[in-house]
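Written below as structure tokens is the structure these notes are about.
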Amino acid sequence: MSISGELPAEGSDGEEVFINEEDIIHEITIDEEDLPDRDDDDEDGGDRMDDSEDVDDSTYIFQGHKDEVFTVACSPTDASLVASGGKDDRGFLWRIGSAEGALELTGHSDTVSTVAFSSDGKLLACGSFDGQINVWSTATHSLQGTLEGSGSGFEWLKWHPRGHLIIAGSEDCNVWMWNADHNTILNTFAGHSSTVTCGDFTPDGKLVCTGSDDATLRIWDPRSAQSRHVVRGHGYHTDGLTCLSITLDSQTVVSGSKDNSVHIVNVNSGQVVGSLVGHTNSIECVGISSSYGWAATGSMDQKLIIWDLAHQSSRCTCEHDEGVTSLAWLGSSRYVASGCIDGKVRIWDSLSGDCAREFSGHADVVQSLAITADCNALVSVSTDGSARVFDISMFK
């Protein structure tokens, strides 16, 4: 038998091939322990195939965090300046495209849960479950002051739309308000009976709206810290509020809850004026378009729904593979971005409901989204420990 010719494989012609003693040139002894396990080999092959399919569409990655990243904000005046915070008890102030010069926002002893820039971009507030909010100068990178409440953790914070006032919702059931220029407490809003999970100033700066795990929405006078309206009971949420957003004219607040419901409340009267019915699981995020009379809501039911607020009806439903955790409208455009449990960031056309782009890169849940001041980039943060920047300049 010739060893230089091509041997037919077993079964190639329906016959087996045998080697005779005289055909053996040299015999080599092999230890069976040195042989690769067939199953391991198959698994490695599968991993290699998965690796080859990994795609990263990001244009920049910030990797300063050492644990899950929960919150992100973009400067309203500087298109390259970003702040992020996470489970590693640290916040960072960093620039897109620059690995140098990132400022670690030190001083916290628990998860940094919320970061936000003042409307003029001069100050950055960094809030934590340790019960402190540190305020930093974006120009000098210096700590301007530390704001404290009762010591309970802060869930969120918001700046006044025109001044250096901060409100923050706490696990102690209260909302706190400070003057960040003087590091002084101005008011404590008491009335909720559970953690204050969401809130904001109305865009005209005249009122404060807050939602709580106690299933109520409260509308406050910031000067007196008194409730103007308490929204609860029949026709409203039956479980804790998770998110809210206020229309640009300061007349309407849209709130979402763990009970799968979305309700519309008139700010001036405190009356529930409508409900947006369509979700079948907890509402995780809500955002209102600055140009259209539309709202977007994201839910654990794997849907992002675009609503016409005037008609209180669904315009379109954007289906996801897993739960929707976060959303952001892209400036004044018709496009809205969603972050998902599957690690993807998607851009949706709110006119058609079509997915205009899917961004890959994250290896775990997307926790929060932010849009740069020039609307050319989207920044997302994830439990994979990274912040990623994606080019959205074509969606304007």
Side-chain angles (χ1 to χ4, degrees), residues 53-62 69 71-76 79-80 82 84 96-97 243 245 248 254 256 276 278-279 283-309 314-384 386-396:
E53 294 176 353
D54 284 347
V55 176
D56 192 343
D57 298 311
S58 61
T59 58
Y60 182 72
I61 307 172
F62 177 73
V69 191
T71 180
V72 64
C74 292
S75 167
S80 68
V82 181
S84 56
I96 295 173
C243 51
S245 187
L248 198 58
V254 180
L276 304 177
H279 287 294
I283 313 301
E284 297 299 307
C285 47
V286 59
I288 294 174
S289 166
S290 62
S291 299
Y292 303 85
W294 302 343
T297 53
S299 168
M300 283 295 105
D301 65 6
Q302 306 180 8
K303 295 176 183 177
L304 176 83
I305 301 181
I306 311 297
W307 307 91
D308 182 325
L309 289 179
S314 169
R315 283 189 51 83
C316 51
T317 299
C318 309
E319 300 283 352
H320 293 66
D321 295 332
E322 296 189 51
V324 180
T325 58
S326 49
L327 68 84
W329 286 90
L330 309 191
S332 59
S333 77
R334 69 178 191 266
Y335 296 98
V336 60
S338 64
C340 186
I341 286 178
D342 65 8
K344 307 290 187 185
V345 174
R346 296 174 176 87
I347 308 297
W348 303 89
D349 186 333
S350 64
L351 292 178
S352 65
D354 294 334
C355 184
R357 183 68 196 272
E358 179 179 287
F359 291 116
S360 297
H362 286 297
D364 211 332
V365 179
V366 176
Q367 293 284 0
S368 184
L369 304 174
I371 310 299
T372 57
D374 58 8
C375 294
N376 285 330
L378 176 151
V379 187
S380 58
V381 295
S382 166
T383 52
D384 67 8
S386 73
R388 278 176 155 78
V389 180
F390 300 100
D391 180 11
I392 57 168
S393 57
M394 66 290 294
F395 300 110
K396 287 188 174 181

OH/Tyr335 to CG/Asp354 distance, rounded to the nearest 0.5 angstrom? 9.5 Å
With the side chain counted from C-beta on, respond yes when Thr372 and Val389 share a heavy-atom pair under 4.5 Å apart, and no when they do not. no
Between Gln367 and Val69, is any pair of side-chain heavy atoms under 4.5 Å apart? no
Carefully, step by step, assess Thr325 and Met300 under the rule side-chain contact (heavy atoms from CB on, under 4.5 Å). CA-CA 7 Å; Thr325 58; Met300 283 295 105; 4.0 Å; yes
Using side-chain heavy atoms (C-beta onward) and a distance below 4.5 Å, is Phe359 in contact with Ile347? yes
Spacing of Ile371 atom CD1 and Phe395 atom CZ [to the nearest 0.5 Å]: 11.0 Å
Would you compute the distance between atom OG of Ser333 and atom OH of Tyr292 and round it to the nearest 0.5 angstrom? 7.5 Å
Classify the ring geometry between Trp329 and Trp294 as parallel (under 30°), tilted (30 to 60°) or perpendicular (over 60°). tilted
Kindly say whether Ser290 contributes a backbone atom to a donor-acceptor pair with the side chain of Ser332 at under 3.5 angstrom? no
Within-4.5 Å side-chain heavy-atom neighbours: Ile305 and Leu276: no
List the atom of Ser299, the atom of His279, and the distance in Å for their closest heavy-atom pair. CB-ND1, 3.2 Å
Heavy atoms only: give me the nearest Asp349-Leu351 pair and the separation to one decimal. OD1-N, 2.9 Å
Under the criterion side-chain contact (heavy atoms from CB on, under 4.5 Å), I'd like the reasoning laid out for Ser360 against Lys344: C-alpha separation, chi angles, the key distance, then a yes or no. CA-CA 5 Å; Ser360 297; Lys344 307 290 187 185; 2.8 Å; yes
Can you give me the closest heavy-atom contact between Ser58 and Asp56, atom names plus distance? OG-OD1, 2.6 Å
N-O pairing of Arg357 and Asp57 below 4.0 Å: yes
What are the two closest heavy atoms between Glu322 and Ile341, and how far apart are they? OE1-CG2, 3.1 Å
Out of Thr297, Val286, Leu327, which residue meets the side-chain contact (heavy atoms from CB on, under 4.5 Å) rule with Cys243? Val286
Ile306 side, atom CD1; Arg334 side, atom CZ - distance, nearest 0.5 Å: 12.5 Å
Leu369 and Ser380, any side-chain heavy atoms less than 4.5 Å apart: yes
Tell me, with the steps shown, if Trp348 and Ser338 meet side-chain hydrogen bond (donor to acceptor under 3.5 Å, both in side chains). CA-CA 8 Å; Trp348 303 89; Ser338 64; 2.9 Å; yes
How long is the straight-line distance from CG of Leu330 back to CG of Asn376, given to the nearest 0.5 Å? 11.0 Å
Looking at Asp391, is its backbone amide N or carbonyl O close enough to the side chain of Thr59 to form a donor-acceptor pair, meaning the two atoms are under 3.5 Å apart? no
Contact between Ser350 and Arg315 at the side-chain level, heavy atoms closer than 4.5 Å - yes or no? no
Minimum side-chain heavy-atom gap Asp321-Arg346 below 4.5 Å: yes
Could you go through Val82 and Phe62, starting from their C-alpha distance and side-chain angles, then the distance that decides it, and tell me whether this counts as side-chain contact (heavy atoms from CB on, under 4.5 Å)? CA-CA 10 Å; Val82 181; Phe62 177 73; over 6 Å; no
Could you state the interatomic distance from CD1 (Ile288) to CG (Leu309), rounded to the nearest 0.5 Å? 6.0 Å
Asp342 side chain near His320 side chain, heavy-atom distance below 4.5 Å: no
Shortest non-hydrogen pair, Asp384 vs His362, comes out as OD2-ND1, 3.0 Å
Return the minimal non-hydrogen interatomic distance between Leu304 and Val324, and the atom names on each side. N-CG2, 4.2 Å
